[in-house]
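For reference, the structure discussed in these notes is given below.
Counting starts at 1 for both ligands and their atoms, following the listed order. Please read all numbers here as calculations on a predicted model, not as lab measurements.
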Amino acid sequence: MASELEQMDAILDKFVLDDDTLFKVSSLLLQQMERGLSAEHNSIATVKMFPTYVTSFPNGKETGRFLALDLGGSNFRVLTIEMQTDVKIAGNIYSIPEEIMKGPGNKLFDFIVNCLEKLLLDVDQIKDTLPLGFTFSFPCVQHSLTSATLVFWTKGFECSGVEGRDVVQLLNDAIQRSGKISVEVIAFVNDTTGTLTTCAYKDENCKVGLIVGTGCNACYVEDTKNIHTLQPGYEDREKMIVNTEWGAFGDDGCLDFLRTKFDKEIDKESCNKGKQVFEKMISGMYMGEIVRKVLVEFDEKGLIPQRLPNRIREQGSFKSKYVSHIEEDGEGLYPKTKSVLWKLGFIETPEEECEILKRVCRRVSTRAAHLVSAAVATLLNKMQRPETTIGVDGSVYRYHPFFKQIMEEKIADLTDPKYKFKLMLSEDGSGRGAAFVAAAAVREKREKDRKL
Ligand code: BGC
């Protein structure tokens, strides 16, 4: 009979992905990416590789005042961005009430416009028509820089009447309904695009934007000639950002060979069953819940000396941020682990339990970092650039104590050594990114008009 420790290890070993497995993940992902870029096979691709129509990048010569909306997680932000010799940002952040996240779509857009109105009143610009960049971080088919149809919601959003509709139109409709403000939507972007753009402002080698936060996704700069799903009229553009939407990788079952029973349960209990399979193994929306499920399994099998408090049986009770807190504790030390255990209702916190919890967190977060690394390596090997900077944002990447380090090591293991890379933390890409894209589009138009 295997000891308790061996039994726990056998469960945790399912989270270990060796390099052969990660190479396999990478080659499956590449296959999906190629399908996504092809006109013929896009319909069967899980990774849709949406063209973003972002072809102009900020070059520091942008000026003016812009508005930005940032919707993509449980918080929503409205910002004003003043670009002169430097960039000044002001704005407000709102948490989105559950009834708005899951209610009718027009209520969501009315809520957004209401927040925008308040900001314009605060900055005394309610009467002006300002250019606006809209970051909307969900999978959308874009038709141009200012038109995008939501394919499906992710990350817990379920507003009715939005899937299959043009979200810029829905925003404009809500502005009309309000009748109090006037804005011009210049750019619609995903948070990955915003991240890439803001990092590219500082580092021209930045050609990939990555988010590891509530959700997980990446975009990159592609030669326009390789994108076969473009609307006509962009033939003269050399490069364009492509939003991979790799969160949906695995939705056809191709990753089932590595998914654990916990991943499958999480999917079953989610509001978007069968969707975002890759994202569900990585992002902050799910990481804590995976850890919780493993702990419950240990408990049910009688592998932990102390019975777990009931709180742990509640779905969502183990927050993803706890994983980062716990892993901050050094070798053999448990102050943060203990404080998490207290929050969860443990009265006694012997070191043995603390160590078990830490090991579960480490396995789950390392698997997430390895899967993201395999996906980043796929892009780097595909792009074949001697040097690439990857702009990164998102709570998991930002706050986990070793996520960056694990990624650096694993990307290097999985990427051809000819292609050097650097990870760069973005400064609020999803907020200011949309304004940057809008500003670059305005500048380019001005330059063109001047030439004519
Ligand atoms: C969405 C992406 C987004 C990512 C990170 C995913 O759920 O589908 O559009 O970029 O989350 O926010």
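- Between E289 and K280 there is no salt bridge, since no side-chain N of the basic residue sits under 4.0 Å from a carboxylate O of the acidic one.
- The residues R363 and D13 are annotated as salt-bridged, a charged nitrogen and a carboxylate oxygen being separated by less than 4.0 angstrom.
- A search for side chain to side chain contact (heavy atoms under 4.5 Å, CB included) contacts involving M285 returns K155, T214, S283, not counting sequence neighbours.
- More than 12 heavy atoms of other residues, nucleotides or ligands sit less than 6.0 Å from atom NZ of K102.
- With sequence neighbours excluded, the residues that form a side chain to side chain contact (heavy atoms under 4.5 Å, CB included) with K445 are D449.
- Evaluation of the side chain to side chain contact (heavy atoms under 4.5 Å, CB included) rule for T388 yields K207, V208, L380, R385 as partners, not counting sequence neighbours.
- Using a 4.0 Å heavy-atom criterion, the residues that approach ligand 1 are S137, F138, P139, T154, K155, N190, D191, T192, I211, G215, C216, N217, E245, Q276, E279.
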